[in-house]
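To start, the structure under review is shown below, and the notes come after it.
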Amino acid sequence: MKTLFTLLLAALTISCTNNSNKITLLNNEDFKTTVDGKEVSLYMLINGDLVMQVTNYGARVVSLWAPDRNGNYADVEIGYENIDRYINNTGERYLGAVVGPVANRIANGKFSLDGKEYTLPQNNNGQTLHGGTLGVDRIVWDVKSCDHNEIVFTTTLPDGQDGFPANRSIEMTYRLTENNEFVVEYEATTDAKTVLNLS
């Protein structure tokens, strides 16, 4: 991975020799830490004209560099410069992160499934927002694979986490294409009925 990163960084430097095209990557060391016994890292993807950095903490996109019509690059992602700002955040919690297990709000923090009522943590004015207190934005995802243009994250949410039923195994892929597209794909399996709406 380190050799691949060095080669990609060299290619990036060569392609961005004009000062107006300068891409300033976030420092890998500023994203290295451990959360709940799992290592957090920073990863870089590049394809077409796009350069993206992501961390496995919340599967967050922390920078996304794209050129304008004149070829001048800008970071079009709103994010923070180090992992501590995400972990100990007192501001916007969801910047760049995947959200869930249920994106958006669940009224009064309750839902019914097959006649059983489930009570969830209310983390947004009496509602459950984006999965509750923990959610998928505050966990360290496993990196199943990573190459120059694609990273595959996996996680398993245990039955009862934030009040939701079933063990839920999730695989999520971020891919940059040659056509300057950022593609996100989700796949999930459960061992019982549940609700799931990732975003």
Count I, L, V, M, F, W, Y as connected when their side-chain heavy atoms are under 4.5 Å apart, and connections chain through other members. Are I106 and L113 then in the same cluster?
yes

Which heavy-atom pair separates L157 from P101 by the least distance, and what is that distance?
CD1-CB, 4.1 Å

How many angstroms lie between atom CG of L176 and atom CD1 of I151, to the nearest 0.5 angstrom?
10.5 Å

Calculate, to the nearest 0.5 Å, the distance between atoms NZ and CG belonging to K32 and N27 respectively.
9.5 Å

To the closest 0.5 Å, what do you measure between CD1 (I170) and OH (Y186)?
9.5 Å

Have a look at L95 and tell me which of D137, V61, I78 forms a side chain to side chain contact (heavy atoms under 4.5 Å, CB included) with it.
I78

L64 and E77 have their tightest heavy-atom pair at N-CB, 3.7 Å

Students should find that the hydrophobic cluster of V152, defined by side-chain heavy atoms under 4.5 Å apart, otherwise consists of none

What about Y57 and Y86, are their ring centers closer than 6.0 Å?
no

So, does N167 use its side chain to make a donor-acceptor pair with the main chain of D159 at under 3.5 Å?
yes

Which distance, rounded to the nearest 0.5 Å, do you find between the CG of D142 and the OG1 of T156?
8.0 Å

Any sub-3.5 Å donor-acceptor pair from N108's side-chain atoms to K110's backbone N or O?
no

Would the distance check show the side chain of T128 and the main-chain N or O of G132 forming a donor-acceptor pair, the cut-off being under 3.5 Å?
no

Do L120 and V99 land in one hydrophobic cluster if side-chain heavy atoms of ILVMFWY residues count as linked below 4.5 Å?
no

Considering all heavy atoms, the nearest Y174-V98 contact:
OH-CB, 4.2 Å

With side chains defined as the heavy atoms from C-beta onward, is the minimum distance between V40 and T34 less than 4.5 Å?
no

Answer yes or no: is there a donor N or O on one side and an acceptor on the other, between the side chain of D147 and the main chain of N149, under 3.5 Å?
yes

OG (S199) and NE2 (H130) are apart, to the nearest 0.5 Å, by 7.5 Å

Atom CD of E178: over 12 foreign heavy atoms under 6.0 Å:
no

Check: Y73 and D49 side chains under 4.5 Å, non-hydrogen atoms
yes

Nearest atoms (heavy-atom pairs only) where R138 meets T133
NH1-O, 3.7 Å

Under 3.5 Å, is there a donor-acceptor pair between the side chain of N56 and the main chain of V143?
no

Specify the closest pair of heavy atoms between Y118 and G163, including all atoms of both residues, with the distance to one decimal.
CD2-O, 3.7 Å

Are I46 and M52 side-chain neighbours, meaning at least one heavy-atom pair lies under 4.5 Å?
no

May I ask you to decide if F31's main-chain N or O and N28's side chain share a donor-acceptor pair within less than 3.5 Å?
no

Compare all side-chain heavy atoms of I139 with those of L134 and state whether any distance is below 4.5 angstrom.
yes

When you look at I83 and L42, which way does the side-chain contact (heavy atoms from CB on, under 4.5 Å) test go after all the steps?
CA-CA 9 Å; I83 194 63; L42 188 65; over 6 Å; no

Under a 4.5 Å cut-off applied to non-hydrogen side-chain atoms, are V136 and W141 in contact?
yes

Heavy-atom side-chain proximity of F153 to E171 below 4.5 angstrom:
no

Which heavy-atom pair separates A192 from A166 by the least distance, and what is that distance?
O-CB, 3.5 Å

Within the supplied structure, the quantity of interest is the number of heavy atoms (other residues, nucleotides, ligands) at a distance under 6.0 Å from D68 CG; does it exceed 12?
yes

Is V54 close to R60 at the side-chain level, that is, under 4.5 Å between some pair of heavy atoms?
no

Short question: side chain of N197, backbone of V102 - any donor-acceptor pair under 3.5 Å?
no

Any side-chain heavy atom of I87 within less than 4.5 Å of one from V35?
yes

Can you tell me how far apart OG1 (T155) and NZ (K38) are? Round to the nearest 0.5 Å.
5.5 Å

Applying the 4.5 Å side-chain criterion to the ILVMFWY set and letting contacts propagate, would L45 and M172 be lumped into a single cluster?
yes

Using atom types as modelled and distance alone, determine if a side-chain donor or acceptor of E92 lies under 3.5 Å from a backbone N or O of Y94.
yes

Would you say CD of E39 has more than 12 non-hydrogen atoms from neighbouring residues, nucleotides or ligands within 6.0 angstrom?
no

Between F111 and F164, what is the ring plane arrangement, given parallel below 30°, perpendicular above 60°, and tilted in between?
parallel

Pairs touching residues 183-198 that satisfy salt bridge (charged side-chain N to carboxylate O under 4.0 Å, His left out), sequence neighbours left out
D114-K193, R175-E185

